[in-house]
6 protein chains.
Amino acid sequence: MTEAPDLPGDIASVVARALAEDIGSGDLTAGLLAERNVAAEVVLKEHAVLCGTAWFDEVFRQLDDSVAIEWRHPDGAALEPETVVCRLTGPARALLSGERTALNFLQTLSSTATAARSFAAAVEGTAARILDTRKTVPGLRSAQKYATRRGGAVNHRHGLYDAVLIKENHIAAHGSVAETVRLAHELAGSVLIEVEVENLEQLREALDTDAERLLLDNFTLSMLREAVAIRDAHSGLRKELEASGGIALANVRAVADTGVDWISVGAITKNVSATDFSMRIV
Amino acid sequence: MTEAPDLPGDIASVVARALAEDIGSGDLTAGLLAERNVAAEVVLKEHAVLCGTAWFDEVFRQLDDSVAIEWRHPDGAALEPETVVCRLTGPARALLSGERTALNFLQTLSSTATAARSFAAAVEGTAARILDTRKTVPGLRSAQKYATRRGGAVNHRHGLYDAVLIKENHIAAHGSVAETVRLAHELAGSVLIEVEVENLEQLREALDTDAERLLLDNFTLSMLREAVAIRDAHSGLRKELEASGGIALANVRAVADTGVDWISVGAITKNVSATDFSMRIV
Amino acid sequence: MTEAPDLPGDIASVVARALAEDIGSGDLTAGLLAERNVAAEVVLKEHAVLCGTAWFDEVFRQLDDSVAIEWRHPDGAALEPETVVCRLTGPARALLSGERTALNFLQTLSSTATAARSFAAAVEGTAARILDTRKTVPGLRSAQKYATRRGGAVNHRHGLYDAVLIKENHIAAHGSVAETVRLAHELAGSVLIEVEVENLEQLREALDTDAERLLLDNFTLSMLREAVAIRDAHSGLRKELEASGGIALANVRAVADTGVDWISVGAITKNVSATDFSMRIV
Amino acid sequence: MTEAPDLPGDIASVVARALAEDIGSGDLTAGLLAERNVAAEVVLKEHAVLCGTAWFDEVFRQLDDSVAIEWRHPDGAALEPETVVCRLTGPARALLSGERTALNFLQTLSSTATAARSFAAAVEGTAARILDTRKTVPGLRSAQKYATRRGGAVNHRHGLYDAVLIKENHIAAHGSVAETVRLAHELAGSVLIEVEVENLEQLREALDTDAERLLLDNFTLSMLREAVAIRDAHSGLRKELEASGGIALANVRAVADTGVDWISVGAITKNVSATDFSMRIV
Amino acid sequence: MTEAPDLPGDIASVVARALAEDIGSGDLTAGLLAERNVAAEVVLKEHAVLCGTAWFDEVFRQLDDSVAIEWRHPDGAALEPETVVCRLTGPARALLSGERTALNFLQTLSSTATAARSFAAAVEGTAARILDTRKTVPGLRSAQKYATRRGGAVNHRHGLYDAVLIKENHIAAHGSVAETVRLAHELAGSVLIEVEVENLEQLREALDTDAERLLLDNFTLSMLREAVAIRDAHSGLRKELEASGGIALANVRAVADTGVDWISVGAITKNVSATDFSMRIV
Amino acid sequence: MTEAPDLPGDIASVVARALAEDIGSGDLTAGLLAERNVAAEVVLKEHAVLCGTAWFDEVFRQLDDSVAIEWRHPDGAALEPETVVCRLTGPARALLSGERTALNFLQTLSSTATAARSFAAAVEGTAARILDTRKTVPGLRSAQKYATRRGGAVNHRHGLYDAVLIKENHIAAHGSVAETVRLAHELAGSVLIEVEVENLEQLREALDTDAERLLLDNFTLSMLREAVAIRDAHSGLRKELEASGGIALANVRAVADTGVDWISVGAITKNVSATDFSMRIV
């Protein structure tokens, strides 16, 4: 099984924290187990996109590096219920001490990857692609950004430092969209500059600036279509359009069909619907 | 507004991590704002139990301690949509730089408190009470354990170190339930000793031990009722019964009506259905 | 040699801190040693209960994982003076660089385990068992809680979050013991609820509540005996009695003979009487 | 009350760790207290040298900065039993939540300062001064090094990086003491270079090197006296002599009377005999 | 004095580390100072761009928050030798204990800002702008990225996660530039996609892809001019050109004059030429 | 290849931080590489003293411990341009993901070692030796102190806690140099006590104290020579003289020739002139 090439840089410290909070001063129950090696399997109990294998591995590496784990599927695989995703062998005590912490990572990150995949699948065949947002679970941003990629979505900015989103307040401070975008380019240079517009009037104004992308927040479908038409008719560099606000699985295809380039969906990372996995001794 | 008396001990470090991941090398957009003080309000957009005010406060304390926050409701308050939960005053830049991180805490922890409240409310009037589990979001256990309390549920063990749950594997290693419980008491002393039983036969055996509580995992309603009857008919110290497995809002009341003492619900902490808050400059 | 199954979850970070404080910018003396592999032994110089082997191992794992350590006794073993507890082989420089830090863990934790063992032995044959307390050395709570278990004592609560101890101040706030215990059960659920009583009058009142355990603080032996008699004569669920205050090796047996169930001893963890170990190249 | 000028640089992080381990997911008992401000006093219950006030302050600063603390004595003060060392005012809940953690620092560090003071007092009037060692409680080195200074002892090296102690093994690797010292000076430069000698023959050899100090490990009193005489008769730069090994309060004065310059005492920092403090609401 | 709006999110932890490494177990010299309040000034001794005021402030906030600091110039100000940049008042001991750590931040970050300003100034009037790189001092990336912005340069990617730079190895794995860029867009979505080209042939090939920017590594001036001409003559979306490799102050203007859009300069962040500041009691 | 025996104790945490800042949520480009093992070499491009191999190793150990690294030269080796310093074999993706972070350590620490070597070489044959200072890059003090040793300089104090430098302000507080030195010895014991003198008058006064070393700050060459003569003529223990202030490669030899014992040079650690290394797949 191949390790994903684009893993976050903080897995060891994130896992150490999780282990410390679960194990505390020691697993009181472990002493009741016979000291012997066993094999176990982790079984996925529902349709889902697997994600979090490196965190799962790290839990056991930190706990007892004699545990061996053989993955049958990589992060990003869309799997059926009752799929055995990996097989572990090692001391029974280590397997049981690490079980909950390891599964907590798997269930949380697979949930994020699965949500991303659902949205990505819903817009397949259109020109639109799904973006994640900064609405993440505190402390897990890099892990969730990784999971959304595994699900097939695309990372929007990681934080306030690697892209600029210009809103009403900023524009108010400088008198015009054009002037604000110009200043943003001067301040922030080569990062993505995006302008949030609230109506078609603002859209037209923003199309004349150097912003790379325009955010259409809470536009109706017909407004989105009109926005696309206005953009297409506009001469000069083609600007990307991003729809956001109130996007759900039920309406994301309709939004994509309007012709926007990007659809950002907070639900992918702010909600967690833990994927059902269980570990069983075999 | 009163501060909750039972806040976790790691709020400052949890918030520092969240701020670092969002702000990185600096909020590029903040420079586009005029330098002025503003007031803002955080509005709850749906029915929910508020939770996370101390984390919200800490975000701004770390960012710019000239921000003043006045809460109108405490953690644990069940609120209506469109409720203003707090009012902030301070530099516009600090308010906008901290907005997302602060709201991420509020939306995550209010979700947990709200879920706990829903389950607690569903069993109101019965003798059963709701327990949380160790199925938590990695890195947020102490915060989520706090939130479930604010929601009206009760904390089950915090980790592997402060209670003992005896399962099939442990019993197999020692020949009998009684011997395993005896050993657990010897090893672990004054913490809660609980035995997981899989059928009524095992239940009867466990009733003769010194365990304080018995976990009835994945029992049907009729099995639960029978288990309660057997327990009630059993002489000696009354043992608590805990139901778990497949508990949802739709069936939790029926489970409670069987007469069990505790119902543990993984869904409260493993799932997050981010509560909808927004901040607006006023 | 078997690894203890109930080790704390934070060993790696506790050891990293200790190594950083000893080695700083580098072991200046190591450069004076020839580069060669040697064998060494750690010898216990006094009667003691061994504890801390996992921390000792971790010191060398972090320093130079080519060091091999073979333990001849496990944590919890009661050993004679001049016992060789382990044999190490590896680069002379690594052995000497890690020696002091590794021994500091061994001497501190063996001291705690030995103290716990002394108290546990003193009450052997009685129904009483020894509890540790929250009077610990800052930063080492999980390690010391582990060591007291290895010594044969039982862990009292780990912190303010996993049990409730009701004192005078709390009762004063609610008018009666009964009402305070009721509220505590409502707030804290399934954790141990204990009430501190200061005289026999309060004891009688507390026996009528739902508290699981009563703390008899600074009672004389005759008061303790009377308290046990009152408890035994009381109908309803039998409550556990815990004696505390001024417990020393000299009087702990007498306290145990009064019939109390638990005796909590701050001295086990708040004092350290470093066990004498030395490492020698062989 | 004046703050000590030479406090360690890591107080905030050491205290954060201690608070996290005690408070965990929240002080369950705090909710039982009425919400009101109270005053409290910390009373010393035995003869001791006070130490740890900055750690005590930091506990409450991190917990609730509305707590005000007025110290009546500074770190380093030798006090009588029943001395009120400080008075606190603030929310009852904060005072009780922080009480144990704050007292744990005070009792541990006052113990170290008191031990240092006892040894320092025992050699008063002689030319000898007391040194601490690297035998410290893991994680508290900087705090303990501070406490020994407050007690009147002198800090020996902080770790392996800021002084060189040449032992038998090092000398064996280079053929002679003189060559080893020469190399040490070359490697380590301006730090203290000390040579451990095991007999008078080695002492004479070491006196001819450039080492600043000679460690006389486990010398009898008569050997120490002879060593001093040999040193005094030796021409060239006067070398300091340090006695170590088996030093206790009972014999430290006799050791000092031999004329050695320094006496290093592991017992000061490796043992903790928690000083008795209690906090009471007034 | 206004605080810069785009400060990094990890200032407190970066400063805590620096203070811990300088102060260790305590400032031994501080005890020699009289206890009194003094005023001090920090004087810049050479031409430089000031940067690091927030880190300087944080040093004293953590050390003793009674120190007051009044800045006379903001981060980013280009100043003359002998300029007083700030005035501090507070306890003499705190000022001297924090002096070195605080100045170390100022001298390091002002150096980076000054270097950035020199390069930015050298290309003023051309269409080219200066980019920083990932060649930073370990542990200070967010601080240095902030400093380059204050100097007038623009941040290139912060790390491997927020932009894609396609090199020879990547192209070799996929057969063509076009296919590699297509895959990169699929994998990485909305971040900047840049292709490194080594000659004009590769440049032409890359111009036909969807990459936003082309990196011309180690091109001669005449090759750069030819590259610009080819780009300008190319139909389709205008691609940005970035020159890198061997850029120094002596040649950066000539590079800018070739018409490239961006010039990335490792020297700005990989070298530190500490700006000369001194603090003096006044 | 031999590992240096005197490595700092915090390498793992320093490297973890650097990796986290570069890799963030994942190396987006790694996914474009074929999954295969490759060999690579790190080539030094200029004359330099190699330093930082342990940090380089640790980067790959944390990233993917299947990477094997064979060093051809140890830390401290003075090497020619185009020297291959090490050969790596392992997964192409791991090599490229770690390349920049690993090289950043090598280029920074080799710069420090090289600077130290230049100054050390310049004074070779004189009695003077080169000292580093506390003017270091924040967060890298232990690494830089190690690098200066590898370069052939000697570590001055690590921080405020392991030596005492008495300045004008301290003397003013106590009336005389002698009294201040006496107090310093009392406070700080066995650490180096050094007195800064500003003119020959103060030098004479300081020669009569127990200070071990005198710092001659900003003395002209003739003043330094006179100071040496005065010191040599002075009866009593010979005091070491340290020159500091305005030392550069151009004048350091002349300073050494005056007969001073030590020359402290801030430039070694406060400036970084990144050594040029590159990694290439072979």
Side-chain angles (χ1 to χ4, degrees), chain C residues 14-15 17-18 21-34 55 92 96-97 100-101 103-105 107-108 111 134-143 158-167 169-174 180 183-184 187-188 191 266-267 270-274 281, chain D residues 14-15 17-18 21-34 55 92 96-97 100-101 103-105 107-108 111 134-143 158-167 169-174 180 183-184 187-188 191 266-267 270-274 281:
Chain C
V14 166
V15 165
R17 224 154 48 217
E21 71 187 12
D22 195 42
I23 296 192
S25 73
D27 178 354
L28 295 176
T29 316
L32 297 174
L33 280 181
W55 287 259
L96 292 180
S97 292
R100 185 71 263 142
T101 301
L103 291 180
N104 283 353
F105 280 106
Q107 75 191 16
T108 303
S111 156
R134 289 165 50 235
K135 295 181 178 176
T136 55
V137 178
L140 291 181
R141 183 164 295 173
S142 66
H158 289 79
L160 294 165
Y161 60 98
D162 66 344
V164 169
L165 179 54
I166 295 173
K167 300 193 179 190
N169 289 314
H170 307 104
I171 297 169
H174 301 289
T180 315
L183 277 169
L187 274 170
V191 303
K270 74 180 185 184
N271 297 332
V272 175
S273 174
I281 305 294
Chain D
V14 166
V15 166
R17 224 154 48 217
E21 72 187 10
D22 195 42
I23 295 193
S25 73
D27 178 355
L28 295 176
T29 316
L32 297 174
L33 282 181
W55 288 260
L96 292 180
S97 292
R100 185 71 265 142
T101 301
L103 291 180
N104 283 353
F105 279 106
Q107 75 190 17
T108 303
S111 156
R134 289 166 52 235
K135 296 181 178 175
T136 54
V137 178
L140 292 181
R141 183 162 296 172
S142 66
H158 290 78
L160 294 164
Y161 59 97
D162 66 343
V164 169
L165 179 55
I166 295 173
K167 300 193 178 189
N169 289 314
H170 306 104
I171 298 168
H174 301 289
T180 315
L183 277 168
L187 275 170
V191 303
K270 75 181 183 183
N271 297 332
V272 175
S273 174
I281 305 295

Heavy-atom closest pair, residues [X] and [Y]:
X	Y	result
C:R134	D:D22	NH2-OD2, 2.7 Å
C:A34	D:A173	N-CB, 3.7 Å
D:L28	C:D162	CD1-N, 4.1 Å
D:N104	C:K135	OD1-CA, 3.5 Å
C:L160	D:S97	CD1-O, 3.3 Å

Would you mind checking which part of [X] comes under 4.5 Å of any heavy atom in chain C, side chain (CB onward), backbone (N, CA, C, O), both or neither?
X	answer
D:H158	backbone
D:L165	backbone
D:T108	side chain
D:A267	neither
D:R17	side chain
D:Q107	side chain
D:T136	both

Legend entry - Beyond-backbone contact of D:K270 with C:V272, side-chain heavy atoms, under 4.5 angstrom: no
Looking at [options], which one has more heavy-atom pairs under 4.5 Å with chain D than the rest?
options	value
C:N271, C:L32, C:V191, C:L103	C:L32
C:V164, C:T101, C:L96	C:V164
C:L183, C:I23, C:V137, C:I171	C:I23

Inset, instruction - Quick one: pull up CD1 in C:I166 and CG in D:L33 and give me the separation to the nearest 0.5 Å. - result: 10.5 Å
Inset, instruction - Could you tell me which portion of C:V15 (side chain, backbone, both or neither) has an atom closer than 4.5 angstrom to a non-hydrogen atom of chain D? - result: neither
Inset, instruction - Examine distances only and state if a side-chain atom of D:E21 and a backbone atom of C:G159 form a donor-acceptor pair shorter than 3.5 Å. - result: no
